[in-house]
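On a predicted model such as this, the values are computed, not experimentally measured, just so you know.
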Amino acid sequence: MSNVTNQALESALTQVNNQLTANELAQSNTSQAAKLNLYYASGITERASNQLETDQDKANTANEQYNAAFESGEVCNNIVTAATAASTDAKNTASSVSTAATNIEGAAKALTSLWGDVMGVLAIATSLDNGSKVQKLVKNASDETELAARAAENTTLQSLQTTIEASQTQAASMLTQAKTLDTDIKSLVGVLDSNLTTLQGVVANDVAQLTQAQETENNAEGTYRTAAAETDAMENTLDFINEHVNHDLAWEDVKDEQGYLFNISFDAYEEVAIDPTVLMGTKSSSSSSGSAATPEKIIKEYRIIFVPQDMAPTFNINQAKSTELPSYFPIKPDGSKTYTQEFSTAEYHHTGSASKPPVALDYSGKALELGTSYAFFVYIDYTCDYQNEMEDTDGYLSLPSPYHTLQIPLPTASKPNLLFFRAGKKCKTADGGVRVAFKISNEDLTLPNSGKFTDFTEFRVFLFDQKNQLSGLLNDAINIEVEKMYELETTVRLDQAAVDQALQAYNTAIATGAPADVVEKLRQQLEAARTQLTSDRAAYEKQVKIVEEMFDLKINNFVLDEDILNDIPDAYGLIAAEFDPSTLLIKIDETKGIIEILDSDIADQTKAINANNKAIGDLQKSIKKHKEDQAKVLKDAEDGLRKAIEDDTLLQRLLNAFPGSEGKLIEFILKGVQGKLTAKEIQLYFILMTIFSEDERKALSKAKTDYHSLQISINAEETMISDFQYNGTLLNAEMDYLKNEKKEEEAELKRLQAEYDLFNTSESSASKSKSKSKKKAKDAAAAETEEETETGNEEDVPSKPESDSDYTYFMAYNDKGDFTDNFGEPMMQNHFYCALVYSVVKESSANVAPMYAPAMSEYSKPKMYFMPTL
């Protein structure tokens, strides 16, 4: 093929490649727009689904209210009937009292039961629709029911204990109350029926909106899948051209120095050996001497030329030819199959060794800049002999490589940990709190110029429904299978080209009458090519089915990536700030100290309560002993009186004249001993004392003195018991306060420990970080061991976080109670959510944003909103 033909082919390929590149860029923009539309369509669907769930709960509650009220209405009708019967029975004769009481008692029980039912309805209505007409109506019905129930209970008591007239009055009152309640319940049933109907309409509307949202999302998915497929097709076409026509020109960032170091590679071009004796203008002396001519290579050198993206479509061979050192990088051909060259940017600071990769310059001699997109070309400078032979000094220029932007990746947060907790006395928040914690190694946060990424980087935390996490994992798996499908598709294309070429060679051999062995060899090659095509096509078709089946498993149709994260408003997430876990340790220690003090106070209080209770017990025992002594004093006095009466003949004859008077006399005198006589009775007491002898009077006087002395002790001890009981009330109240304080402090300790554990269980950073110098083997082994320890024991809680010198810790707070998900929608109770950290350049530093690539962390483990109260 002549060089003129080569130039024509080169020009055609360049035009096709440039057009494909432009189309691919336009299609990529279309695909990105479709992707965002699909994301927001999915958000609308999710919102509609949540709204349906919320309104369905309201409708279910309204249905329960209606059923409760309807049943209450049925009971109310029975009450009115019973109350009417009770009132009628109460108007009959006294013989009907029992019947009336029975009926009224039944009505009272029914009313009491109904009051409980209506109070239950009131509780439901209050939680659902605070301040509404329904609540007021149910409250009125509740009050009426309670009054009627109380009236019925009073009626029952009075029917059994007083007169029939009182029963009649109360029965009539109860009947009035029951009729009022009946009216109110019927009104309530009507209102609840209307409310239920309205909510059922709302639910039906929600279902319609959800259906419409799903249809919109499905349409958006179709648009996105079409746009994405077209983008993928163009990308694969460009990749095919680059690999099979353009010698696989490739960029590759150096893993630990992304943005600062990169490798350029390309496959070697065919270098056909030529005989110098046949080149135009060469001498033939070597041939005439009989010695063999030495073959020569046709490529003198490869030249790598960098061109900014906006200039690449028009960059041509004349510009390449006129580009001079040092604006290109030369590579001498050495027979390698692939050539690779490492370059650095001007910002690269290398401290590991004296050697340093060359700084990449574009074709104008300007150093490649971070944040700017470039392509590179390979220009082939042929040898002079070959140029003379071809009568062409232009050389050969490749098509532009895929475009590449040199960007420094921002630090990637470790897998974050998520915590929900409710508000408490020690943590006064609007409703509850959210904590998201993660860490980043200090090495990852350090720039080569000793600056810090945190000076211009912020870490945005978004909360996603768990299905987004599951969807992301599935989508990643789908993308892997899609890549396999495209690779097989490329293989099938090449197989088909090989079959076509073999078939053409075979047909040509037959048509030209080639020897039979040649024809047979070509036939075998054709059959082998067809067999390979059949095998690869079957594998491709199988892979297509796998991809289709996996697409059917999609949870969310949109694919979460940087494009979508960039488009989520900041207000939908939280901004993390640096956090020192040791401050939590201080708070934890302080709280533990408070709990220890409270435990000591509770122990002291327990001793005081026990001592107080023991004093009361001792006094009660003493009082019991005194009362036993009083009983003995009375018994001795009684025995003395009986003996005195037996010994006194006159007194015996006097008492015999009045049968039964002996016992009353003894009882009267013992009352005098106890000091329980009235003023008039005391006069009689002293008169009776004259009947007894002086010794007997002295014995009774002593008994009276002893009895009163014991009573004084009892009274004093009872007063002391009252004082101790009052003191016990104070001690128990103080104990309740101390226990409540301890409970609050324990809840605070549990919350603080949970926050601290967020840092303890953080996994090692998975960031695509840079490393300023190569690690020694020992350091690498230690790092590997550390990584295995962290990732292999995710559930274990270390005693403390890693050294502060190794990591910087971050935490995102939200104590406002306005918890929203990535769509900006209120989070749903009992749903599981995951946190994701997105590293971006701050808006205040937007001028440096093109130089840095955002980074996504992994999802956190899912947590239910809300977690149980800590």
>> Minimum heavy-atom separation for I264 and I304, please, with both atom names.
In response: CG2-CD1, 4.0 Å

>> Once rounded to the nearest 0.5 Å, what's the spacing between atom OH of Y756 and atom NZ of K587?
In response: 14.0 Å

> Counting heavy atoms not belonging to M827, are there more than 12 under 6.0 Å from its CE?
Replying inline: yes

> Does D806 reach the main-chain N or O of N442 with its side chain, forming a donor-acceptor pair under 3.5 Å?
Replying inline: no

> Between N479 and E483, does any side-chain donor sit less than 3.5 Å from a side-chain acceptor?
Replying inline: no

> Just by modelled atom types, is the E481 backbone N or O under 3.5 Å from a matching donor or acceptor in the Y486 side chain?
Replying inline: no

> Given L410, which of F459, Y838, Y852 fulfils the side chain to side chain contact (heavy atoms under 4.5 Å, CB included) condition?
Replying inline: Y852

>> When you measure from the side chain of S860 to the backbone of A835, do you find a donor-acceptor pair of N or O atoms at a distance under 3.5 Å?
In response: yes

> Taking NZ, NE, NH1 and NH2 as the nitrogens, is one of them in R435 or D815 under 4.0 Å from a carboxylate oxygen of the other?
Replying inline: yes

> Where is the tightest heavy-atom contact between A375 and A312, given as atom of each residue plus distance?
Replying inline: CB-CB, 4.2 Å

>> Is a donor from one side chain sitting under 3.5 angstrom from an acceptor on the other, for E443 and S441?
In response: no

>> I'd like to check S839 versus M856 (side-chain heavy atoms, cut-off strictly below 4.5 Å). Are they in contact?
In response: no

>> Rounded at 0.5 Å granularity, tell me how far OH in Y859 sits from NZ in K415.
In response: 12.5 Å

>> Are the side chains of F262 and L368 in contact, using a 4.5 Å heavy-atom criterion?
In response: yes

> Between F306 and Y374, does the ring centroid distance fall short of 6.0 Å?
Replying inline: no

> Just wondering, more than 12 heavy atoms not from K366 lying within 6.0 Å of its NZ?
Replying inline: no

> Is the backbone of T454 close enough, under 3.5 Å, to the side chain of T457 for a donor and an acceptor to pair up by distance?
Replying inline: no

>> Quick check: do N822 and L463 have side-chain heavy atoms less than 4.5 Å from each other?
In response: no

>> To the closest 0.5 Å, what do you measure between CD1 (I594) and CD (E746)?
In response: 12.0 Å

> Is a side-chain N or O of W251 found less than 3.5 angstrom from the main chain of P402, in a donor-acceptor match?
Replying inline: yes

> Do you know the tightest heavy-atom contact between A367 and A346?
Replying inline: CB-CB, 4.2 Å

> Do R460 and E458 meet the salt-bridge criterion of a basic N to acidic O distance under 4.0 Å?
Replying inline: yes

> What do the steps show when you test E755 against M811 for side-chain contact (heavy atoms from CB on, under 4.5 Å), and what is the final call?
Replying inline: CA-CA 9 Å; E755 286 191 27; M811 183 181 284; 4.0 Å; yes

>> If I compare all heavy atoms of A849 with all of Q407, which pair ends up nearest, and what's the gap?
In response: O-NE2, 4.3 Å

> Within the distance-only criterion (no hydrogens, no angle test), does the side chain of S265 pair as donor or acceptor with the backbone N or O of T340 below 3.5 angstrom?
Replying inline: no

> With a 4.5 Å heavy-atom cut-off, do F343 and L261 have their side chains touching?
Replying inline: no

> Donor-acceptor pair, D561 side chain versus I564 backbone, under 3.5 Å?
Replying inline: yes

>> Would you say the ring centers of F420 and Y865 fall short of 6.0 Å from each other?
In response: yes

>> Any non-hydrogen side-chain atom of L418 less than 4.5 Å from a side-chain atom of V434?
In response: yes

> Picking from F377, F315, F329, F376, what satisfies ring pair (Phe, Tyr, Trp, His ring centres under 6.0 Å) with Y363?
Replying inline: F315

>> Tell me whether R751 forms a cation-pi arrangement with F421, defined as NZ or CZ under 6.0 Å from the six-membered ring centre and within 45 degrees of its axis.
In response: yes

> Between N468 (side chain) and F464 (backbone), is there a donor-acceptor pair under 3.5 Å?
Replying inline: no

>> Looking at Y833, is its backbone amide N or carbonyl O close enough to the side chain of D465 to form a donor-acceptor pair, meaning the two atoms are under 3.5 Å apart?
In response: no

> Are any non-hydrogen side-chain atoms of V461 and I575 less than 4.5 angstrom apart?
Replying inline: no

> Salt bridge check: are K484 and E487 linked by an N-O gap of less than 4.0 Å?
Replying inline: no

> Do L406 and T372 touch side chain to side chain, with heavy atoms closer than 4.5 Å?
Replying inline: no

> Roughly how far, to the nearest 0.5 Å, is CZ of F819 from CG of L574?
Replying inline: 9.0 Å

>> Quick check for you: to the nearest 0.5 Å, what is the distance between T345 atom OG1 and Y260 atom OH?
In response: 7.0 Å

> Say you draw a straight line from CZ of F456 to CG of N847; how long is it, rounded to the nearest 0.5 Å?
Replying inline: 10.0 Å

>> If I compare all heavy atoms of L758 with all of A437, which pair ends up nearest, and what's the gap?
In response: CB-CB, 3.6 Å

> Is the NZ or CZ atom of K439 positioned over Y807's six-membered ring, under 6.0 angstrom from the centre and within 45° of the axis?
Replying inline: yes

>> Surrounding NZ of K467 (heavy atoms of other residues, nucleotides or ligands, distance under 6.0 Å), is the total greater than 12?
In response: yes

> Sub-3.5 Å donor-acceptor pair from the side chain of D253 to the main-chain atoms of Q258, do we have one?
Replying inline: no

> Do you know which two heavy atoms are closest between P569 and F462, and how far apart they sit?
Replying inline: O-CE2, 3.8 Å

> Does H404 reach the side chain of S373, with side-chain heavy atoms less than 4.5 Å apart?
Replying inline: no

